[in-house]
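Read the numbers this way: they start at 1 and go in the same order the structure lists the ligands and their atoms.
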Amino acid sequence: MQKYICSTCGVQYPESSTAPSQCPICEEERQYVPVEGQAWTTHEALVESGNYRNVITKEEEGLYSITTTPKFGIGQTAYLIVQNGFTILWDCLTYLDQETVEFIQSKGGIDAIALSHPHYYSRQVDWAETFDAPVYIHQDDQEWVMEPSEHIQFWNGEEKELPGGITLHRLGGHFKGGAVLHWKNGDHGSGVLLTGDIIQVVQDTDWVSFMYSYPNLIPLPANKVQQMAEKVEPLEFSKLYNAFHNVVEKEAARAVQRSADRYIKALNGQWFIT
Ligand SMILES: [Zn+2]
Ligand SMILES: [Zn+2]
């Protein structure tokens, strides 16, 4: 019996004697199955390969990024907020080695794990077991949890308040339960928004974007983007970090509103003529 991991999205499945027939997360239009076909691996194989390690970077006071190198699966970055004795992991990674465990334990362990959306569920259950932490996932994405666990706590409604000035907000969009994390004390009290793929930092990092599918370039409806911008509007934050280690460095709250406005005008044919 092994826990198989989809090599494309990095999501782990419950123990089975043979690999699952397919990965529902990758079969769906927001992801893809590579032309070479569905491939599976296991965490033991990743560790034994000796190919991987996690790079941990201090981004600012109380905030660390964790990224697996070389890239595995979608290649996301997870974030660890460490403050006032309450440590939270935002989004998750497939790869977890002893060095990473020791670093996190040196920061007091993990009190909670919260996920933006199913593309980063990765090995959340094993991380939760390692650190004995609850995993907060929005109820609207329950169907995408491939590996059930007593550690997973589904939340509902539009927001969930956690200790340390941290609040999860459901914005929807990319996924129905798509969530962002607002950290009031981040950036020396100016506020930080961690967004996963729910709000995406683009190449021009003064701007963000919003998509239903990033790999397949399917946009969101204008009214949905409007709703997302309205939900973020009351939040104060100067910095915004996405899932790919990209950052809106200043006046990020304004950048979200400006970007939503541009996106809606583009969809409605009011931004450019080509
Ligand atoms: Zn997959
Ligand atoms: Zn995604």
Side-chain angles (χ1 to χ4, degrees), residues 2-16 18-43 45-46 65-68 71-79 89-95 113-126 135-138 140-148 168-181 193-203 208-221 224-225 228 240-246 263:
Q2 302 208 65
K3 285 184 172 187
Y4 285 91
I5 294 166
C6 169
S7 298
T8 309
C9 70
V11 169
Q12 182 171 272
Y13 286 72
E15 278 199 324
S16 60
T18 55
S21 57
Q22 58 175 28
C23 173
I25 291 173
C26 288
E27 290 284 338
E28 198 246 4
E29 67 266 20
R30 280 167 283 193
Q31 257 286 107
Y32 62 95
V33 176
V35 281
E36 313 85 63
Q38 176 68 48
W40 300 96
T41 186
T42 63
H43 190 250
L46 297 181
S65 64
I66 313 174
T67 313
T68 303
K71 172 182 178 277
F72 177 77
I74 295 173
Q76 72 269 22
T77 289
Y79 290 91
L89 181 74
W90 172 246
D91 281 328
C92 200
L93 301 174
T94 303
Y95 188 72
I113 299 172
L115 272 293
S116 62
H117 73 297
H119 289 151
Y120 304 139
Y121 288 176
S122 57
R123 284 177 64 249
Q124 58 187 11
V125 171
D126 289 62
V135 180
Y136 295 114
I137 288 178
H138 197 278
D140 287 350
D141 288 343
Q142 187 165 10
E143 66 181 294
W144 298 105
V145 173
M146 298 296 147
E147 189 183 10
L168 308 178
H169 295 266
R170 187 191 79 92
L171 301 190
H174 183 44
F175 272 81
K176 197 174 176 198
V180 296
L181 183 154
L193 199 68
L194 304 181
T195 61
D197 294 348
I198 306 306
I199 299 175
Q200 195 65 270
V201 181
V202 293
Q203 301 291 317
V208 299
S209 194
F210 318 81
M211 294 287 264
Y212 181 69
S213 173
Y214 292 96
N216 302 319
L217 302 176
I218 306 169
L220 286 168
K224 175 54 69 179
V225 173
M228 294 170 78
L240 183 154
Y241 295 78
N242 78 346
F244 294 97
H245 212 184
N246 296 321
Y263 192 98

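Its N, O or S atom nearest to the Zn ion (ligand 2) is what matters here, and for H117 that atom is NE2. Distances from the Zn ion (ligand 2) to each N, O or S atom of D197 single out OD2 as the nearest. The Zn ion (ligand 2) is closest to atom ND1 of H119 (considering only N, O or S atoms).
The distance between the ring centers of Y95 and H43 falls below 6.0 angstrom. For W40 and Y13, the ring centers are positioned less than 6.0 Å apart.
Y214 places a side-chain N or O within donor-acceptor distance of the main-chain N or O of D197, the cut-off being under 3.5 Å.
Residues R123 and C92 fail the side-chain proximity criterion, which asks for heavy atoms closer than 4.5 Å.
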